[in-house]
Amino acid sequence: MDRERSRDVYDRALSVLPGGVNSPVRATRPYPFVVDGGDGARVVDADGDEYLDYVMGYGPLLLGHTLPDRVREAVDRHVDAGPMYGAPTEVEVELAEFVADHVPSVEMTRFVNSGTEATVSAVRLARGHTGRDKVVVVQGGYHGAQETTLVDGEFDRVEPSSPGIPDSFVEHTLAVPFNDTTAAERVFEEHGAEIAAVLVEPILGNTGIVGPVDGYHRTLRELCDDHGALLVFDEVITGFRVGGLGCAQSKLGVTPDVTTFGKIVGGGFPVGAIGGRADVIRGFTPVGDVFQAGTFSGHPVTMAAGLETLRYARDEDVYDHVNGLADRLRRGLTDLLADHAPTYTVVGTDSMFKTVFTRDGPDDLTGCCEAGCRQREDCPRYGTCPKTGGDVADAATERWERVFWPQMRDRGVFLTANQFESQFVSAAHTRADVEETLDVYAEVLS
Ligand SMILES: *Cc1c(COP(=O)(O)O)cnc(C)c1O
């Protein structure tokens with residue numbers, strides 16, 4: 001793998017794209033491989049080398065790189081019909097009906113064009129609905145590139161985490177650690193009457209994959225109810241992945257007021273969505289007064305791709321397949337760690353997986369969760385497995401990025417480039433792919 005063509009293309013990219021990329025996570029060192037195309041569970045780079053892909057577009061590609069015929073035909077039909085109109089289409093109604101039929105919290109949906117746009121609009125909607133300004137977020141949670149949630153700090157002592165955001169833009173943001181019910185209670189005690197919403201990922205999916213401890217989201221639900229705030233689940237990454245078509249909320253048994261979607265619901269095309277109770281979602285213009293609009297929103301090609309992807313997932317037992325393979329991967333990784341790196345933690349659920357290079361923990365994995373951390377209180381690692389975004393940040397993150405990831409790539413396995421982002425199994429992966437992957441992990445971790 002000499003990646004010469006990739007290097008040449010990236011060299012040109014550096015002159016015309018900042019960092020040579022359009023999203024920072026893609027700028028791997030010393031230079032990224034440039035993708036020529038995808039094929040099932042694999043991507044092929046500009047030099048013709050193949051990689052078994054667990055990045056899957058950072059989440060959207062539930063079905064892998066090759067669109068099943070019915071998805072492809074639906075996309076082609078809508079491309080042939082002219083890509084978009086600025087007038088309603090039936091396909092956006094059908095996708096909204098499908099989402100309402102399957103996701104517990106959703107009666108109505110507004111479609112937008114990215115997960116970021118969905119969370120921006122959800123925050124505006126919650127503020128408009130409640131007439132309050134404050135929004136509670138979780139440290140290590142990710143809600144896209146939006147001003148309200150890009151913060152460092154805790155409780156009401158937060159500051160923007162990026163230049164370009166005035167301090168005043170985050171003066172209404174409150175940050176608490178994930179899985180800490182005491183901190184959540186405290187923030188409501190101090191600010192309850194001013195809180196418009198808690199915005200939280202049901203599972204931290206962009207910071208190592210951290211699952212909720214028992215009862216955490218139930219506590220958030222109760223706090224919101226007691227204080228008249230909205231509970232907003234950001235299911236951009238977990239939506240139509242964890243918990244199947246019911247999403248993570250169905251698996252957790254906690255129903256938020258509003259849910260944000262993105263990634264899978266667009267079937268590989270740019271998408272976002274805000275769904276929820278009809279009385280809340282009707283707050284958006286033109287029914288309510290909360291301004292929300294978009295030239296490309298409900299784009300017919302995207303709607304068709306999303307709808308046929310979800311129908312395919314429903315009809316072809318996709319969740320059984322991807323969850324089963326990921327379970328095998330997590331079990332295999334747990335076995336490998338027992339031999340080679342017992343302080344590391346296997347995390348993930350359904351078709352999400354990751355190995356967090358945690359530094360502390362018992363040297364013996366006896367009695368631990370075999371298929372990835374379940375936050376079981378009786379597990380011998382309960383005190384050392386990641387509970388918060390900070391716990392993941394304390395892991396050997398440089399080792400992942402500089403030593404582990406490049407070795408996996410050079411052996412033909414494409415993982416997410418840093419310690420924090422989740423990895424995904426798609427419908428295109430096979431049992432043989434999983435065994436091959438475990439062999440490569442074994443080689444690199446030993
Ligand atoms: C990816 C992601 C976003 C942002 O979505 P974009 O489409 O990249 O803007 C927001 N929230 C979560 C939980 C995500 O995983």
Side-chain angles (χ1 to χ4, degrees), residues 1-69 71-72 75-76 79 83 113-115 145 206 237 262-264 266-271 301-302 305 309 329 353-354 398 400-430 432-434 436-441 443-444:
M1 288 186 182
D2 52 24
R3 287 188 276 275
E4 260 176 59
R5 236 194 80 70
S6 284
R7 195 189 56 216
D8 292 347
V9 174
Y10 191 65
D11 193 20
R12 283 164 48 208
L14 284 170
S15 301
V16 287
L17 302 169
V21 292
N22 279 301
S23 194
V25 76
R26 299 175 199 166
T28 56
R29 284 166 194 278
Y31 56 90
F33 61 78
V34 171
V35 176
D36 193 45
D39 181 12
R42 284 158 212 267
V43 286
V44 182
D45 74 10
D47 294 277
D49 291 318
E50 254 186 33
Y51 306 83
L52 189 48
D53 180 14
Y54 292 100
V55 177
M56 285 294 152
Y58 284 91
L61 303 179
L62 176 64
L63 306 182
H65 293 284
T66 307
L67 299 182
D69 287 346
V71 180
R72 173 73 164 275
V75 168
D76 286 351
V79 171
N113 306 292
S114 71
N206 297 273
I237 208 163
K263 299 194 171 122
I264 289 175
F269 293 82
V271 78
V301 177
T302 301
T309 293
L329 253 176
F353 74 101
K354 193 85 178 181
E398 291 286 292
W400 179 285
E401 211 166 313
R402 293 172 186 271
V403 182
F404 172 71
W405 183 83
Q407 291 190 77
M408 294 296 289
R409 176 204 55 196
D410 290 347
R411 286 167 176 75
V413 177
F414 182 33
L415 301 178
T416 46
N418 62 51
Q419 173 71 94
F420 301 103
E421 315 268 353
S422 178
Q423 293 156 176
F424 308 95
V425 175
S426 79
H429 286 88
T430 64
D433 292 333
V434 165
E436 179 188 329
T437 304
L438 287 170
D439 288 345
V440 178
Y441 265 94
E443 230 179 275
V444 173

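Just the heavy atoms: all of them, side chains too, but no hydrogens, waters or symmetry mates, feed the values below.
The ring pair (Phe, Tyr, Trp, His ring centres under 6.0 Å) check on Phe353 picks up Tyr54, with sequence neighbours excluded. With sequence neighbours excluded, the residues satisfying ring pair (Phe, Tyr, Trp, His ring centres under 6.0 Å) with Phe414 are Phe33. Under the rule for a side-chain contact (heavy atoms from CB on, under 4.5 Å), the partners of Leu14 that lie at least two apart in sequence or sit in another chain are Tyr10.
Here the closest non-hydrogen pair linking Ile237 and Asn206 is CD1-OD1, 4.0 Å. Residues Gly266 and Ala305 come closest through the heavy atom pair O-CB, 3.6 Å. Shown here for Pro406 and Glu401, the closest heavy-atom pair between the two residues is CD-O, 3.4 Å. Among all heavy-atom pairs drawn from Leu329 and Leu438, the shortest one is O-CD2, 3.7 Å.
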Please step through side-chain contact (heavy atoms from CB on, under 4.5 Å) for the pair Asp47 and Ser6, ending with a clear verdict. CA-CA 7 Å; Asp47 294 277; Ser6 284; 3.6 Å; yes
Check step by step if side-chain contact (heavy atoms from CB on, under 4.5 Å) holds for Arg7 and Asp2. CA-CA 9 Å; Arg7 195 189 56 216; Asp2 52 24; over 6 Å; no
Could you go through Leu415 and Tyr441, starting from their C-alpha distance and side-chain angles, then the distance that decides it, and tell me whether this counts as side-chain contact (heavy atoms from CB on, under 4.5 Å)? CA-CA 11 Å; Leu415 301 178; Tyr441 265 94; 3.5 Å; yes
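Put simply, CD on Gln407 and CZ on Arg402 are 14.5 Å apart, with the number rounded to the nearest 0.5 Å. If you take CZ on Arg409 and OG1 on Thr28, they are separated by 6.5 Å, rounding to the nearest 0.5 Å. To the nearest 0.5 Å, the span separating CE on Met408 from OG1 on Thr437 amounts to 7.0 Å.
Checked by atom type and distance alone, the side chain of Trp405 never pairs as donor or acceptor with a backbone atom of Trp400 at under 3.5 Å. Proximity of a side-chain donor or acceptor of Ser23 to a complementary backbone N or O of Val25 within less than 3.5 Å is not detected.
Looking at heavy atoms from C-beta onward, Lys263 lies out of side-chain contact with Phe424 at the 4.5 angstrom threshold.
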Could you pull out all donor-acceptor pairs under 3.5 Å where a side-chain atom in residues 58-69 meets a protein atom, sequence neighbours excluded?
from	atom 1	to	atom 2	distance (Å)
His65	NE2	Asp53	OD2	2.7
Thr66	OG1	Gly40	N	2.7

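Among residue pairs with one or both ends in residues 410-429, those qualifying as salt bridge (charged side-chain N to carboxylate O under 4.0 Å, His left out) are Arg3-Asp410, Arg411-Glu443; sequence neighbours excluded. For residues 8-30, there are no salt bridge (charged side-chain N to carboxylate O under 4.0 Å, His left out) pairs, not counting sequence neighbours.
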